[in-house]
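In listed order, ligands and their atoms are each counted from 1. Atom set for the values below is all heavy atoms of this structure, side chains included, hydrogens, waters and symmetry mates excluded.
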Amino acid sequence: MKKILDLITAEMKAAFADCGYDEAYAKVTLSNRPDLCEYQCNGAMAAAKAYKKKPFDIASEAVAKLTGSHVFASVDAVMPGFINLKLNSDYLAEYVDGMAGQEQCGCERTENPMTIVVDYGGANVAKPLHVGHLRSAIIGESIKRMGRFLGHQVIGDVHLGDWGLQMGLIIEELKDRKPELPYFDPSFEGEYPKEAPFTIGELEEIYPAASAKAKSDEEFSTRAHDATLKLQNGFRPYRAIWQHIIEVSVADLKNNYGNLNVSFDLWKGESDAEPYIAGLIKELEDQGLAYESQGALVVDIAEEGDPKELPPCIVRKSDGAALYSTSDLGTIIEREKEIKPDWYIYLTDKRQELHFVQVFRVAKKAGFVSQDKKMSHLCFGTMNGKDGKPFKTRDGGVMRLETLISDISQAAYEKIMENRTVSEKEAEETSKIVGMAALKYGDLSNQASKDYVFDMDRFVSFEGNTGPYILYTIVRIKSILAKYQGIEDKYQGEEKILAAATEAEKDLMLQLSRYNEIMETGFTELAPHKICQYIYELANAFNRFYHDTKIITEEDKKRQASWVRLIGLAKDVLNACIGVLGIEAPERM
Ligand code: ARG
């Protein structure tokens with residue numbers, strides 16, 4: 001369906017053009033004075049300068065053309081030259097009624113689908129997940145779903161950190177603990193065991209132990225570096241251990257991400273870039289882009305107009321090792337070969353901002369991607385505890401996802417039990433869904449680039465701008481719809497949404513009619529918080545309407561059927577929106 005804002009703008013454009021003004025001035029926006037009007041056009045102000053007239057006169061001329069239009073209930077010119085608009089209730093009801101009959105409630109799939117890679121999650125194999133990984137997973141999953149909803153071909157890649165020093169650390173620690181393993185026997189020539197020589201529990205304990213040891217034990221640290229190099233150079237026994245580490249970690253990660261309802265199409269990692277590294281370095285050298293600086297190989301990326309001097313991108317360290325940037329460049333080359341994305345979207349925390357500027361610029365300079373390739377780094381702030389420092393779990397250690405999820409589910413359980421509408425058993429099941437909504441919405445409702453405070457009590461509250469409030473609204477609509485099903489004397493004619501009878505009802509329709517536009521802006525701006533803001537306003541509009549409307553006992557059956565269709569649409573729109581946020585609603589709560 002066409003966006004309502006576009007339909008309104010088309011009317012305004014025609015009016016401006018009719019009066020002999022450039023229609024480019026006829027820009028309509030949502031009103032910032034909802035007490036006065038629903039939409040507004042401030043274009044007369046700008047047009048006044050160009051046509052050397054009074055803004056109010058231009059506004060009045062346009063208003064005269066629009067009076068009597070079936071789209072508007074009122075069109076007013078107000079000093080100094082604003083045009084205030086209110087929609088005709090019949091027109092609005094018809095638009096909203098049209099939504100109710102359409103697939104995806106009238107939010108159409110794009111005619112020009114793009115192939116988009118969303119690189120998110122970014123867990124490091126064998127290292128603990130931290131809050132940044134949690135945010136990356138939650139926001140990235142939502143971006144992926146938003147893109148798909150609009151009809152794009154979106155590929156989610158977890159891009160594991162699976163090639164770094166942690167591997168050497170684990171190998172050496174394992175050698176110290178279990179020297180009898182065949183991987184450490186130079187004379188061993190057979191097949192290595194299929195079974196990993198450790199469980200995920202052990203692995204989780206080995207890494208921090210090895211990492212701590214490397215800090216105080218220089219000899220161990222050197223060995224770990226050597227082991228990492230050997231692994232990267234293809235040393236067979238270390239490759240075999242590496243394979244075990246990957247298998248064991250990935251199984252655990254799949255489980256963790258699964259609990260978050262986050263899933264990836266590709267489980268690739270930094271190691272997959274390895275085959276491209278030598279070639280890309282040579283290419284950068286051949287093109288004269290890479291040069292030696294203090295033993296390292298670097299590429300300048302500074303451009304005219306940069307607000308400050310940006311440091312060059314290091315592609316090879318002085319000891320000959322490749323780095324994070326090199327592996328991201330290699331990954332781009334691989335993706336160009338295998339996926340040919342129209343748009344690259346990466347999600348990491350803000351600290352990696354410079355890294356991605358460097359990688360994108362080098363990739364473009366070297367022609368690994370075309371000059372105009374869309375490449376975005378959606379960088380986010382930190383999830384802090386109430387003390388303002390990066391969030392830690394109760395024991396003060398690094399975040400364990402299981403603990404976080406079980407803590408928030410428990411808090412949700414207590415909230416659900418306060419209402420006493422469901423049994424203990426149902427509350428327990430529902431608490432996982434509600435807890436997940438609390439966690440995700442608590443994150444997504446903030447503009448990604450900002451830090452936010454993880455406030456469990458607020459997040460699980462059924463009131464205010466929270467996930468549970470949205471779910472509660474959906475559940476409430478479901479229960480009204482179920483009650484209506486039980487009514488015998490339903491309206492027999494065709495169900496249609498009638499013109500709003502009250503301000504609250506009209507407001508609900510106005511909110512609903514904005515839906516397809518919000519879905520589109522949310523995605524193009526990579527801004528899930530805009531969808532959260534929208535569903536919060538929509539839920540509020542529904543609850544105000546519901547407060548003063550007795551749907552089930554209404555005598556006018558035609559009106560009753562109209563309301564049922566209207567709230568059914570509200571439920572579908574809310575569901576579609578939480579769907580793209582990666583949240584689901586329970587049946588009851
Ligand atoms: N593993 C990285 C980290 O923990 C995040 C990876 C992000 N993706 C990328 N292509 N660099 O910080």
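- Taking a 6.0 Å sphere around CD of Glu191, one finds it holds 12 or fewer heavy atoms contributed by other residues, nucleotides or ligands.
- Below 4.0 Å from some heavy atom of Phe356 lie the following atoms of ligand 1, by number and element: 9 (C), 11 (N).
- Ligand 1 has an N or O atom lying under 3.5 Å from an N or O atom of Gln352, backbone or side chain.
- Residue-ligand proximity, Asp119 to ligand 1, at heavy-atom distances under 4.0 Å covers atoms 7 (C), 8 (N), 9 (C), 10 (N).
- More than 12 heavy atoms of other residues, nucleotides or ligands lie within 6.0 Å of CD in Glu303, so this atom counts as buried by the packing criterion.
- An N or O contact shorter than 3.5 Å links Gly122 to ligand 1 by distance.
- Counting heavy atoms under 4.0 Å from ligand 1, residue Asp328 touches it through the side chain alone.
- For Tyr324, the closest heavy-atom approach to ligand 1 falls below 4.0 Å.
- Residue-ligand proximity, Tyr346 to ligand 1, at heavy-atom distances under 4.0 Å covers atoms 10 (N).
- Side chain of Asp300 to backbone of Pro312: no donor-acceptor contact under 3.5 angstrom is found.
- In summary, the atoms of ligand 1 found under 4.0 Å from a heavy atom of Thr348, numbered by their order in the structure, are 7 (C).
- For ligand 1, the polar-atom distance check finds an N/O of Asn124 within less than 3.5 Å of one of the ligand's N/O atoms.
- Between the side chains of Lys337 and Tyr276, at least one donor N or O sits under 3.5 Å from an acceptor N or O.
- A salt bridge links Lys144 to Glu141: at least one charged side-chain nitrogen sits closer than 4.0 Å to a carboxylate oxygen.
- By the 4.0 Å N-to-carboxylate-O rule, Lys340 lies too far from Glu336 to be salt-bridged with it.
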### Message
Applying side-chain hydrogen bond (donor to acceptor under 3.5 Å, both in side chains) to Asp157 and Tyr120, what does each step give before you reach the verdict?
### Response
CA-CA 6 Å; Asp157 182 359; Tyr120 70 111; over 6 Å; no
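- Contact annotation: His133 has at least one heavy atom less than 4.0 Å from an atom of ligand 1.
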